[in-house]
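The structure appears below as structure tokens.
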Amino acid sequence: MTSLTIVDAEATARNWVRNVAAIEALVSTRVFFSVDVPYSKAAKAEWIVMTLTSHTFQPGDLGLQLALIQFECWSPPPASGGTKLKAATVALALVTAARQLSFGNPITITNPGGPTAVIAWADAQQMRWLPDPQVWAPRYVVDVLFAIHGAEA
């Protein structure tokens with residue numbers, strides 16, 4: 001008999017995005033759950049900030065979690081070499097990787113310190129240009145819907 005495992009969907013998505021080669025080449029491991037304004041003003045390279053905006057459970061499948069995650073794809077302020085194009089490049093790499101998950105090829109994600117998770121599928125829902133006037137930094141926001149469940153034992 002298998003047991004029900006509910007996983008941290010946000011951590012699973014973060015570990016996935018940190019291991020996509022095209023995204024890692026642009027932001028390295030600079031994928032944060034949150035970031036403060038001083039970091040934004042001092043940034044010297046692109047980064048991603050992610051926020052879990054909704055988390056629901058699929059009726060009829062006890063372990064399937066649907067998580068809508070917002071990814072903010074940042075480039076440093078122009079004075080530090082950031083540009084709209086650099087922010088767009090990060091956002092488009094993220095959209096491409098998420099759209100590739102929509103083909104229905106599940107991937108297993110090892111969550112250090114937590115249970116192993118499976119991303120059954122994902123899909124980029126929306127991409128929008130939202131520069132931040134407070135820190136004068138280019139930013140695109142991408143919403144991705146993930147279908148995630150715990151690995152079966």
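- To the nearest 0.5 angstrom, D143 atom CG is 5.5 Å from Q126 atom CD.
- Remark: the backbone N or O of G81 is paired with a side-chain donor or acceptor of K86 at under 3.5 angstrom.
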Intermediate values then yes/no, side-chain contact (heavy atoms from CB on, under 4.5 Å), T53 and I69: CA-CA 6 Å; T53 59; I69 298 181; over 6 Å; no
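- Between N15 and P112, some side-chain heavy-atom pair lies under the 4.5 Å cut-off.
- What you find for A122 and V144 is that their closest heavy atoms are CB-CG1, 4.1 Å.
- A distance-only check finds a donor-acceptor pair linking the side chain of S75 to the backbone of T83 [under 3.5 Å].
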For residues 92-101, please give each side-chain donor-acceptor pair under 3.5 Å, one per line with the distance, not counting sequence neighbours.
| unit_1 | atom_1 | unit_2 | atom_2 | d |
| --- | --- | --- | --- | --- |
| T96 | OG1 | L92 | O | 2.8 |
| R99 | NH1 | D123 | OD1 | 2.3 |
| R99 | NH1 | D123 | OD2 | 3.3 |

Test ring pair (Phe, Tyr, Trp, His ring centres under 6.0 Å) on F146 and W121 and set out the steps. CA-CA 6 Å; F146 291 89; W121 55 265; 9.0 Å; no
Worked check of side-chain contact (heavy atoms from CB on, under 4.5 Å) between L68 and L66: CA-CA 7 Å; L68 181 62; L66 298 179; over 6 Å; no
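- Between V141 and R139, the closest side-chain pair of non-hydrogen atoms falls below 4.5 Å.
- Using a 4.5 Å heavy-atom threshold, the side chains of E72 and W47 count as separate.
- Here the side chains of M50 and Q70 are not in contact, with every heavy-atom distance at 4.5 Å or above.
- With contacts defined as side-chain heavy-atom distances shorter than 4.5 Å, the pair F71/V49 does not qualify.
- Put simply, V142 and L145 are part of two different groups of oily side chains (I, L, V, M, F, W, Y) that touch within less than 4.5 Å, one to the next.
- Residues W74 and V135 are in side-chain contact: their nearest non-hydrogen atoms beyond the backbone lie under 4.5 Å apart.
- In this model, no donor atom of one side chain and acceptor atom of the other lie less than 3.5 Å apart for Q65 and H149.
- Under a hydrophobic clustering in which Ile, Leu, Val, Met, Phe, Trp and Tyr are joined whenever their side-chain heavy atoms come within less than 4.5 Å, directly or via other members, I107 and V20 fall into the same cluster.
- In this structure, T89 contributes its side chain and L85 its backbone to a donor-acceptor pair below 3.5 Å.
- Of the possible polar contacts, none joining the E24 side chain to the R18 backbone as a donor-acceptor pair under 3.5 Å is found.
- Remark: side-chain polar atoms of D132 are not paired, donor with acceptor, to backbone N or O of W136 under 3.5 angstrom.
- Between C73 and A91 the shortest heavy-atom distance is SG-CA, 3.7 Å.
- When side chains are defined from C-beta on, S34 does not count as touching F32, because their heavy atoms never get closer than 4.5 Å.
- The two residues L52 and E10 make their nearest non-hydrogen contact at N-OE2, 3.3 Å.
- Rounded to the nearest 0.5 Å, atoms CD1 (I119) and CD1 (I148) are 5.0 Å apart.
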Verify side-chain contact (heavy atoms from CB on, under 4.5 Å) between L64 and F57, making sure each step is shown before the conclusion. CA-CA 6 Å; L64 188 63; F57 300 93; over 6 Å; no
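- Checked by atom type and distance alone, the side chain of R30 never pairs as donor or acceptor with a backbone atom of I48 at under 3.5 Å.
- In terms of heavy-atom proximity, Y140 sits nearest to A87 at CD1-C, 3.8 Å.
- Closest approach of S80 to P76, counting heavy atoms only: CB-CB, 3.9 Å.
- Heavy atoms only, all atoms of each residue included: P77 and A43 are closest at CD-O, 4.5 Å.
- For the pair R14 and F33, the minimum side-chain heavy-atom distance is below 4.5 Å.
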Where do T108 and T116 land on the side-chain contact (heavy atoms from CB on, under 4.5 Å) test, with the steps shown first? CA-CA 7 Å; T108 301; T116 299; 3.2 Å; yes
